[in-house]
Amino acid sequence: MSKKISSGVVTALITPFKNQDIDWESLEKLVEDQVRQGVDGFVVNGTTAESPSLSVDEVKKIYSFVKERAKDKTLILGAGLNSTHKTIELHTQFASLKPDAFLDVVPYYNKPTQEGLFQHFSAVAGKSSAPVILYNVPSRTLTSLSTETIARLAPHKNIMGIKEASGDIAFLKEIKASVPEHWSLMSGDDETSVEFVSNGGDGSISVLSHICGDLLKALFTLAKEAPVEAQKKFEPLLRISRQIFVEPNPTPVKWSLLEMGIINSAECRLPLLTLSEKYRADLSAETQKVKTLKL
């Protein structure tokens, strides 16, 4: 397979809630706005969607809802758990949805060895009905894939890329030198995403794109041609790219989307809460600045 499974700006979709139920009106408005901005795809049921708080039935309904409205966009479905057996089971439950790829996170909390990670992803990919994108996010999982383990997994015919969220550009370069050209190398760290693309990455699975997907898309195009200029133009977005993580994701970005009139409520499901009062004014001000920003 020579075509990359994912590239450009892929939005890791939030799940809008109202009175703790899925707010379908807001979700429709959000997807329509993202399509208008020109994003290249969506991740459904990622961490940003509050995946631990969604039922399998809810995920299926959300995915089908997004697919109907996403036109020709790449659709990736989060399905990773910290049990190999349960991850395979979840892939099976979601197989009928026919996503373009599954996003499978490094098993969290139980801290497997590198050999355990190799066997986990090999087993999952071997049973998966769709290509697998690895998700390396050591700030959440405690354990990180090593370059050596990624290189061992790279020949697997059903593993097609990685979402690399450590923010370590040197690590990206090591990965790039260790995997086939058809692999998708996607950033999972908004703050370093432009630098990531400048150094050979294919794009970003992004939270920030909820607010400015069109700007990120333009910056990624520029980053491949004029890296220094792209990074300079990204500087006005650095403040909000940090502010949307002042509390656990997706709490802050939901507040921004409420301020933009895209969603009806910024509520999350427990154990996450709505953005703390002390952060609201600054985030609201930065959100408004971004929406008037021109590159």
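- Using a 4.5 Å heavy-atom cutoff, the side chains of Ser204 and Val197 are not in contact.
- None of Asp168, Ile175, Ile162 except one satisfies the side chain to side chain contact (heavy atoms under 4.5 Å, CB included) rule with Asn136; the exception is Ile162.
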Query - side-chain hydrogen bond (donor to acceptor under 3.5 Å, both in side chains) between Asp202 and Ser184, intermediate numbers included - result: CA-CA 6 Å; Asp202 296 300; Ser184 290; 5.0 Å; no
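- Under a 4.0 Å N-O distance rule, the pair Lys61/Asp57 qualifies as a salt bridge.
- The CG atom of Asn199 sits 4.5 Å away from the NZ atom of Lys173 when rounded to the nearest 0.5 Å.
- Side chains of Leu153 and Phe118 form a contact here, defined as non-hydrogen atoms less than 4.5 Å apart.
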Requested in this report: Might you work through the side-chain contact (heavy atoms from CB on, under 4.5 Å) test for Ser256 and Leu283, ending with a clear yes or no?
Outcome: CA-CA 7 Å; Ser256 287; Leu283 184 54; 3.5 Å; yes
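- Ser122 places no side-chain N or O within 3.5 Å of a backbone atom of Gln119 that could act as its donor or acceptor partner.
- Glu235 has no carboxylate O lying under 4.0 Å from a charged side-chain N of Lys232, or vice versa, which leaves the two without a salt bridge.
- No more than 12 heavy atoms of other residues, nucleotides or ligands shown are found within 6.0 angstrom of NZ on Lys127.
- Both Ile240 and Leu238 belong to a common hydrophobic cluster when Ile, Leu, Val, Met, Phe, Trp and Tyr are linked at side-chain heavy-atom distances under 4.5 angstrom.
- Between the side chain of Trp183 and the backbone N or O of Ile5, no donor-acceptor pair lies under 3.5 Å.
- Between the side chains of Asp190 and Ser193, not a single donor N or O lies within less than 3.5 Å of an accepting N or O.
- A 6.0 Å sphere centred on NZ of Lys98 holds no more than 12 heavy atoms belonging to other residues, nucleotides or ligands.
- Across all their heavy atoms, Leu54 and Ala49 have their closest contact at CD1-O, 3.6 Å.
- Using modelled atom types, one finds no donor on one side chain facing an acceptor on the other under 3.5 Å when comparing Ser51 with Asn45.
- Checking side-chain atoms of Gln114 against main-chain N and O of Thr149 turns up no donor-acceptor pair under 3.5 Å.
- Between the side chains of Glu164 and Ser187, no donor-acceptor pair is found at a separation under 3.5 Å.
- Side chain of Lys73 to backbone of Val39: a donor-acceptor contact under 3.5 angstrom is found.
- Counting all heavy atoms, side chain and backbone alike, Arg269 lies closest to Asp21 at NH2-CA, 4.2 Å.
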Query raised in the report: Should His210 and Asp33 be marked as a side-chain hydrogen bond (donor to acceptor under 3.5 Å, both in side chains) after you check the CA-CA gap, both sets of side-chain angles, and the distance that decides it?
Result: CA-CA 9 Å; His210 284 91; Asp33 181 70; over 6 Å; no
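- The shortest side-chain heavy-atom distance between Gln34 and Phe42 falls under the 4.5 Å cut-off.
- Using a 4.5 Å cut-off on side-chain heavy atoms (C-beta onward), Leu215 and Lys294 make no contact.
- Between the side chain of Lys291 and the backbone N or O of Ile211, at least one donor-acceptor pair lies under 3.5 Å.
- Ion pairing between Asp40 and Lys217 holds under the 4.0 Å rule for side-chain N and carboxylate O.
- Counting only N and O atoms by type, the side chains of Trp255 and Thr274 include no donor and acceptor under 3.5 Å apart.
- In this structure, CG on Leu30 lies 12.5 Å from CH2 on Trp24, to the nearest 0.5 angstrom.
- No salt bridge links Glu89 with Lys86; every basic N to acidic carboxylate O contact stays at or beyond 4.0 Å.
- Applying salt bridge (Lys or Arg N to Asp or Glu O under 4.0 Å) to Lys254 and the options Glu50, Glu267, Glu259 leaves one that passes, Glu50.
- Between atom CE of residue Met260 and atom OG of residue Ser284 there is a gap of 11.5 Å, rounded to the nearest 0.5 Å.
- When hydrophobic clusters are built by joining Ile, Leu, Val, Met, Phe, Trp and Tyr residues whose side-chain heavy atoms come closer than 4.5 Å, directly or via intermediates, Val9 is grouped together with Leu237.
- Note that the CG atom of Asp23 and the CD atom of Glu28 stand 10.5 Å from one another [nearest 0.5 Å].
- Looking only at distances, a side-chain donor or acceptor of Thr113 sits under 3.5 Å from a matching main-chain atom of Gly116.
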Query raised in the report: Please walk me through it: do Val194 and Phe220 pass side-chain contact (heavy atoms from CB on, under 4.5 Å)?
Result: CA-CA 6 Å; Val194 172; Phe220 288 173; 4.0 Å; yes
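- Taking the side chain as every heavy atom from C-beta outward, Val106 and Tyr135 never approach each other to under 4.5 Å.
- Rounding to the nearest 0.5 angstrom, the gap separating the CZ atom in Arg280 from the OG1 atom in Thr287 is 13.0 Å.
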Query - Verdict with reasoning, His91 to Val132, per side-chain contact (heavy atoms from CB on, under 4.5 Å) - result: CA-CA 10 Å; His91 275 237; Val132 167; 4.1 Å; yes
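- Within the 4.5 Å cutoff, the side chain of Ile14 has heavy atoms near those of the Ile263 side chain.
- Under the 4.5 Å side-chain heavy-atom criterion for ILVMFWY residues, no single connected hydrophobic cluster contains both Ile133 and Ile88.
- In this model, a donor atom of one side chain and an acceptor atom of the other lie less than 3.5 Å apart for Thr11 and Ser209.
- Side-chain contact, Ser26 with Asn264: a donor N or O sits under 3.5 Å from an acceptor N or O.
- Both Leu90 and Leu75 sit in one connected hydrophobic cluster of ILVMFWY residues. Membership requires side-chain heavy atoms under 4.5 Å apart, directly or through other members.
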Requested in this report: Just do the side-chain contact (heavy atoms from CB on, under 4.5 Å) check on Asn249 and Arg140 with the steps written out, would you?
Outcome: CA-CA 11 Å; Asn249 180 44; Arg140 285 183 178 267; 3.8 Å; yes
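- The backbone N or O of Leu208 sits less than 3.5 Å from a side-chain atom of Ser206, completing a donor-acceptor pair.
- Note that OG of Ser241 and CD of Glu191 are 5.0 Å apart. Values are rounded to the nearest 0.5 Å.
- Using a 4.5 Å cut-off on side-chain heavy atoms (C-beta onward), Tyr63 and Pro99 make contact.
- Taking the centre and axis of the six-membered ring of Phe65, the NZ or CZ atom of Arg69 falls inside the cone set by 45° and 6.0 Å.
- Both Leu13 and Val56 are assigned to one and the same hydrophobic cluster, defined by single-linkage of ILVMFWY side chains at heavy-atom distances under 4.5 Å.
- Heavy atoms from other residues, nucleotides or ligands lying under 6.0 Å from CD of Gln20 number more than 12.
- With 3.5 Å as the limit, one finds no donor-acceptor pair spanning the side chains of Asp104 and His120.
- Under a 4.0 Å N-O distance rule, the pair Arg152/Glu115 qualifies as a salt bridge.
- Looking only at side-chain heavy atoms (C-beta outward), Thr47 and Val105 stay at 4.5 Å or farther from each other.
- Not counting sequence neighbours, the partners of Thr147 by the side chain to side chain contact (heavy atoms under 4.5 Å, CB included) test are Phe171, Glu174, Ser178.
- Asp214 places no side-chain N or O within 3.5 Å of a backbone atom of Gln37 that could act as its donor or acceptor partner.
- Judged by distance alone, with hydrogens and angles left aside, the side-chain atoms of Lys4 form a donor-acceptor pair with the main-chain N or O of Glu181 at under 3.5 Å.
- Between the side chain of Glu286 and the backbone N or O of Arg239, no donor-acceptor pair lies under 3.5 Å.
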